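The analysis underlying the following values was restricted to heavy atoms, covering all of them including side chains, and did not include hydrogens, waters or symmetry mates. These numbers were taken from a predicted model, which means no experiment stands behind them. So that the names make sense, note that chain A is the first sequence line, chain B the second, and so on, each numbered from 1.
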Amino acid sequence: MAKILMKGNEAIGEGAVRAGCRYFFGYPITPQSELPHYLAKRMPEVGGLYLQAESEVASINMVFGAAGAGARVMTSSSGPGISLMQEGISYLAGAELPCVIVNMIRGGPGLGNIAPAQSDYFQATKGGGHGDYRLIVLAPASVQEIIDLMQDAFDLSDKYRNPVMLMGDGVLGQMMEPVEIGAERKAELPEKPWAATGRLKGKEKKLINSLYIVPENCEAHNLKLDKKYSGIKEAEQRWEEYRTEGAEMVLVAFGTSARICKSVVDICREEGLPVGLLRPITLWPFPEKGINGLIESVKSFLTVEMNMGQMIEDVKLSANGKKPVFFYGRAGGMIPVARDIYNEVKKILNGGAA
Amino acid sequence: MHRLKRISIITGNLGSGKTETAINLALQTARRGKKSFLADLDIINPYFRTRLVRNTLEGMGLQVISPLGDLAFADLPALSPAIKGVIENRQCTGIFDVGGDDVGAAALGRYRDLLMPEDFLMIFVVNTCRPFTGDTEGIIKYLRSIERVSGLQAGGLVCNTNLGLETGPDTVLAGYRIVSAVSDLVGIPVLFTVVRRKIHSKVKDLFRGESEIFPIDTYMEPPWRRQ
């Protein structure tokens, strides 16, 4: 199949359609508005429903309804809108409803700006909403990877009955790259016997709820969720290693930062500096197995993020004090420059403080 | 490029390559010694906008009109009053870089009554590798929606078929054939075909004069390709 040129935001929409998603509820916000714009045109072509809700709070509750009825459903926003959705996301996790939530991060906190950022890492991976829950968080770094990960996002959410967040930043959403979208897979959705599709004669009633009023029952529910999360942590860690063979220093970066770090690694390698890159593809579960695989051979890690240092906490937890973990970041919508990261690498390799 | 008028209005589908086309057209006019203005009318695209390379372009002799100060970083439908100046000052040349799709073209409605038919040419840029504009039907649908919303008639088509860095001469020729078919259907001429300078000679050889080829340099690069 011939390649086409797509923006990241459009690719999320097309990837969702190809993964069998037929319901989208959302509210526009820069820098992800091309996604609802795309689906407003695309959903009617495949007999799906695109609906612009009156707010992000409404969107996420519409997602709750559609997911409860067993549909493949998605919503999207950027930081401020995702913050508004937190209550609904917690309810979705509590009721174990599969869905995909997209966050194309912009500069924050507060209203911030419309420039790209990665400052919602904590919000996505450490909770965000209330209660003991986890989202599976996927972080693509190219438009092609967006297309491929959208299928996985929906499959994982159905497999584990858990919301999945696809997280990128404005650059990833806005930039155009050639992609191979491949043949449309026949949407064979898994059986969802739990879905509230009506009480059939003689069968138990189906209830979608996150209310466990008796503490013993709520604790049992938490234990059940925890077991599920442990299983996900064991089975679903994903990462990419780039030129890590013989590396003394490994950069750790996701999304747009990782793209920039790849060029930094190339510059370093050209100069004979033993530097590689570990790019987490799942932010939760964080690829601690990837870090562990390198821990004996590397001398240090340098985490590069478009924030003031969030993922570095997971890198440090994974390194568990065995090797030093340094940080370089730009914040508020600024993008790290390859040359600056390179200088940081040199400084650390020369024994200077980071 | 002799068919261009004093004001070129560059429209097209979102991501069809309007900004790169507009920048290169404006630079070409400036190089010919004309007082040339490049006006950023993009009210929908938050990144990869003319305003980001304003300093570079002004260093190359171009006058860039775009929202000033903090507004340059906003996603507000703010248009500079200087745009009207370009329309009214018959001594200068203007290239208007309009936002994508009918939504972006809405900004033109503001100037509809000021634009004299002899003064301007509305150009519709097509990349057949983009979603929704891969065939004649899709392209014509977009063309008509932009004409409807702007209240202006397109006077020229530009083929900008590309797959970014993966563009081969065959990609360009295949795209040109589709745009050419659109031209036959709607009676609007194809003005030229845009290609990255790197593949210019190869495309020229393949086309054998079938279309005027306009080689361009690109200015909107992702952060990992910026120097």
Separation between [atom1] of [X] and [atom2] of [Y], rounded to the nearest 0.5 Å:
| X | Y | atom1 | atom2 | value |
| --- | --- | --- | --- | --- |
| B:R225 | A:M175 | CZ | CE | 11.5 Å |
| B:N162 | A:M176 | CG | CE | 7.0 Å |
| B:M220 | A:Q174 | CE | CD | 13.0 Å |
| B:L14 | A:H37 | CG | NE2 | 6.0 Å |

Decide if atom [atom1] of [X] counts as having more than 12 heavy atoms of other residues, nucleotides or ligands within a radius under 6.0 Å.
| X | atom1 | value |
| --- | --- | --- |
| A:Y23 | OH | no |
| A:E271 | CD | yes |
| B:F73 | CZ | no |
| B:Y111 | OH | yes |
| B:D70 | CG | no |
| B:E137 | CD | no |
| B:L76 | CG | yes |

Can you tell me which portion of A:P336 sits under 4.5 Å from chain B's heavy atoms? Options are side chain, backbone, both or neither.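 No part of A:P336 comes within 4.5 Å of chain B.
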Kindly indicate whether the side chain of B:P131, heavy atoms from C-beta on, has any atom under 4.5 Å from the side chain of A:M6.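 Side chain of B:P131 against side chain of A:M6, heavy atoms only: contact under 4.5 Å found.
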Is there a side-chain contact between A:K7 and B:N45, using heavy atoms and a 4.5 Å cut-off?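 Yes. Closest side-chain heavy atoms under 4.5 Å.
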I need the minimum non-hydrogen distance between [X] and [Y], along with the two atoms involved.
| X | Y | answer |
| --- | --- | --- |
| A:G170 | B:Y47 | C-CE2, 3.0 Å |
| B:P46 | A:I114 | CB-CD1, 3.7 Å |
| B:W224 | A:T256 | CZ3-CG2, 3.9 Å |
| B:L163 | A:P178 | O-CG, 3.3 Å |

Heavy-atom pairs under 4.5 Å with chain B - which of A:K262, A:E45, A:K41, A:E177 has more of them than the others?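 Of the candidates given, the most pairs with chain B belong to A:K41.
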Please determine, among A:I335, A:V171, A:V179, the option with the most heavy-atom pairs under 4.5 Å with chain B.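 Of the options given, most contacts go to A:V171.
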Residue part contacting chain A, namely of B:F48, when any heavy atom lies under 4.5 Å: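 For B:F48, side-chain heavy atoms alone lie under 4.5 Å from chain A.
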Pick from B:A74, B:C129, B:G164, B:P222 with the largest number of heavy-atom pairs that fall under 4.5 Å of chain A: B:C129
Which one of B:L165, B:I44, B:D101, B:N127 has the most heavy-atom pairs closer than 4.5 Å to chain A? B:D101
